[in-house]
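Convention: sequence-line order gives letters A, B, ...; per-chain numbering from 1.
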Amino acid sequence: MGTVYSLYIYADSPSQAERYGEIAFAEIDRIEALLSHYRPSSELSRINRAAFVSEVTTDPETFAFLSAAFEWSARSNGAFDISVGRLMKVWGFFGGSGSRPAPADLLVARESVGWGKVVLDRDHRSVRFRSPGIELDPGGIGKGYAVDRAVQLLQALGVPAALLSAGSSSIYALGSPPGASGWKIRVPAANRQQSISSVTLTNSSLSTANLTEKHFIADGRLYGSIMNPDTLHPIDGVAQVTVISASAMDSDVMSNALFVLDHDGRHDLLRERPQDAALVLGGPGAGFSYEATRWPAPIAERDDVDLLRLMIGDEGENLL
Amino acid sequence: MNRRDLIQGVSASLVSVRLISNPLLHAEPQHRVSADDRVRVGVVGPGSRGQELIRQLLRVRGVEIAAVCDVYEPRFAEVNTLVGKQVPGYLSFHEFLEHKDIDCIFIATPPVYHAPYAIAAMKNGLPVYGEKTIGFTPEDCTSVVHAVNATGQIFQVGHQLRYASWVRESIKRVHAGQIGEPTHVYAYWHRSDDWRREVPNPKLEHLINWRLYRESSGGLLEELGSHHIDITNWVFGEAPQTAVGSESIVVHHDGRTVGDNVQAIFGYSKGRRMFFSALTDNAMMADQLWIYGAEGSVQITLEDATFYNPTRKSITAASHAEIVQKGIETGATYQANWEMPYRGPGERLYMKREEDATLTACRAFIECVREKRQPIADVHVGFCSGVACAVGKRALESGQVVHLPQLASE
């Protein structure tokens with residue numbers, strides 16, 4: 001959460017487009033106020049503060065959001081896990097650009113990470129943490145959820161064509177621009193400069209999880225902010241994952257889950273979701289490599305380029 | 001403390017003590033919910049504010065949204081979506097009151113209906129959470145107080161900032177003297193927003209956009225300024241005595257009859273003043289309130305509070321530098337910095353519990369219903385802000401200084 005949202009919209013008049021934009025952004029503001037863990041007054045922050053002390057009753061929307069998040073945790077064998085909030089803090093990625101944690105901090109974090117330590121009681125619509133220190137972090141699902149909710153409002157208003165993006169991570173393409181077969185989206189290479197593929201979307205979403213979106217370099221290694229909840233360390237070996245799904249929440253989650261899973265895990269998860277497409281780029285040191293599953297467009301071969309240099313530019317020169 | 005103190009003073013010290021001594025305002029009950037804990041709530045006027053109240057109520061353990069009432073039928077489907085089940089909906093308020101399975105009601109209608117609905121509900125034996133303001137006219141406000149006294153029912157006004165931890169702590173510190181004697185409150189609620197709601201059918205303009213028309217709305221002063229007036233009443237320990245102000249339509253010439261900008265000044269005893277400003281075409285100042293004292297200031301927003309105590313002035317003593325003006329030596333010092341805004345650091349209050357103030361207020365009301373006691377934001381709090389707004393509207397229209405009526409002792 002806490003990202004910049006952009007909306008491109010076709011409407012009958014500028015004033016109507018402005019009105020639609022106000023409605024969409026008001027909904028995004030509402031979701032931010034509900035789920036941002038950077039806001040002390042958000043419902044998610046309230047749950048984070050109180051759910052170990054006692055069960056926290058929450059509203060149906062928040063409960064449904066958490067239920068969906070934990071269903072994704074189960075479906076991905078824990079590769080996707082919103083209980084990594086403490087881990088993100090230990091690695092310095094909460095409001096910062098990251099730093100290596102002390103081993104003792106990682107030991108403490110071990111106790112406070114794990115979706116199985118969060119109990120949802122559907123009958124009482126309540127949340128309870130089994131361990132102290134658990135913090136739910138909506139990164140990896142919240143932006144997609146916000147995009148979906150705003151798009152639903154635009155659909156209800158009869159908006160024929162719109163493109164809503166949350167930062168650089170999640171995009172939803174509603175309808176098609178006049179005279180076009182869909183919205184043309186460029187999928188950038190991991191360095192965000194070059195393009196690696198170009199797809200045309202209509203009534204679907206594309207999300208990208210990227211190693212260099214937020215990272216730091218220490219002792220010759222690049223550490224990204226996408227965590228393996230099992231090892232408690234950032235993932236390496238993968239540079240970027242882009243997923244096309246029916247909803248922004250699904251593509252947001254899938255891009256993060258596939259980032260964490262190994263080759264076999266990715267294969268299994270994608271087999272369960274035959275409507276999704278994925279493009280996985282290999283990480284630093286692997287040369288140029290990719291896995292494409294049902295990817296609907298050509299992929300630019302970039303084997304003449306050192307991916308690590310592309311990704312971190314001048315900053316990484318001394319690492320080569 | 002006598003009754004007049006309560007009515008006039010809304011004593012801050014009393015409020016602070018009660019808040020601190022009441023743990024139920026700070027935490028959900030630790031025990032498991034039982035059938036006896038269930039509180040069945042009816043909501044009148046589930047529009048934008050009413051739905052926000054429902055959303056917060058659904059976060060309070062043991063609360064069930066039992067029925068809703070609205071003259072605009074599409075609201076019922078919106079409520080069903082929000083609650084996640086079918087909620088009985090009534091177009092008639094009187095039929096709604098006949099619904100047997102309601103323990104208390106929340107009123108979030110346009111303010112012109114607040115007093116009659118609250119009075120009818122209390123006479124029907126129901127505790128009431130009434131959105132601000134408690135009445136549309138001074139007479140309305142008085143009637144609600146009389147109804148509470150006559151029925152003995154629980155009544156809470158929707159001044160949720162009375163329950164916000166950072167506001168409570170700020171007022172406590174102000175009363176302890178952290179900024180010296182508070183003399184002025186400057187409050188802003190500036191937006192870049194035409195305040196209009198989407199209208200699916202032009203016939204529904206006045207129903208949907210009731211905030212824009214005098215017959216159903218007190219405009220920006222009532223809808224936004226009432227919260228600031230209430231905090232000022234809390235700070236000064238009394239209701240205002242006079243009101244003067246102006247409003248105009250400067251941007252949104254769309255048929256509305258309330259101003260799209262408002263400036264109002266409320267007079268309190270000992271010359272103390274509260275200034276309120278609302279704009280709708282520039283959100284730079286947003287929603288913030290400053291309390292000024294001789295020794296410092298505090299800025300309160302919807303999410304936090306910051307105290308500023310810049311270095312005390314030293315220029316009132318004998319001068320260290322002299323200015324020669326027209327050949328006459330003066331004893332005044334001159335420091336240009338004092339005329340510049342203070343840009344130094346402040347002390348931000350960090351509270352352990354910075355949850356949404358509306359949630360805290362709703363939970364507190366539900367606990368009052370369970371425990372059968374009056375809330376902190378009681379009818380007297382509501383009277384003091386409500387009558388200020390009701391009279392303030394007249395001041396805006398007339399451009400004259402208007403004196404506020406005081407509640408007669410019964």
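Salt-bridge formation is detected for the pair B:Arg162/B:Asp230: a Lys NZ or Arg NE/NH1/NH2 atom is positioned less than 4.0 Å from an Asp or Glu carboxylate oxygen.
Scored by the salt bridge (Lys or Arg N to Asp or Glu O under 4.0 Å) test, A:Arg130 finds no partners at all (sequence neighbours excluded). Remark: B:Glu347 engages B:Arg173 in a salt bridge (Lys or Arg N to Asp or Glu O under 4.0 Å) (not counting sequence neighbours).
Side-chain atoms of A:Asp59 and A:Thr62 form a donor-acceptor pair, as typed in the model, at a separation below 3.5 Å.
Side-chain atoms of A:Asp148 come within 3.5 Å of backbone atoms of A:Ala248 as a donor-acceptor pair (strictly under, hydrogens ignored). A donor-acceptor pair is defined here as one N or O able to donate and one able to accept, closer than 3.5 Å; no such pair exists between the side chain of A:Ser83 and the backbone of A:Val113.
Neither the backbone nor the side chain of A:Ser42 comes within contact range of chain B; no heavy atoms are under 4.5 Å apart. For a residue to count as touching a neighbouring chain, one of its non-hydrogen atoms must lie under 4.5 Å from one of that chain's; by this rule A:Leu157 does not touch chain B. With a 4.5 angstrom heavy-atom cutoff, B:Ile54 does not touch chain A via any of its atoms.
Within the structure, the side-chain hydrogen bond (donor to acceptor under 3.5 Å, both in side chains) test picks out the following pairs touching residues 78-88 of chain B (sequence neighbours left out): B:Gln51-B:Glu78, B:Arg75-B:Glu78, B:Asn80-B:Gln86.
With B:Tyr213 as the aromatic partner, B:Arg211 does not meet the cation-pi criteria of under 6.0 angstrom to the ring centre and within 45 degrees of the ring axis.
Ranked by heavy-atom pairs under 4.5 Å with chain A, the list B:Leu302, B:Asp304, B:Asp356 is led by B:Asp356.
Of all residues spanning residues 189-202 of chain B, those with a heavy atom less than 4.5 Å away from chain A's heavy atoms are B:Asp194, B:Arg196, B:Glu198, arranged by number.
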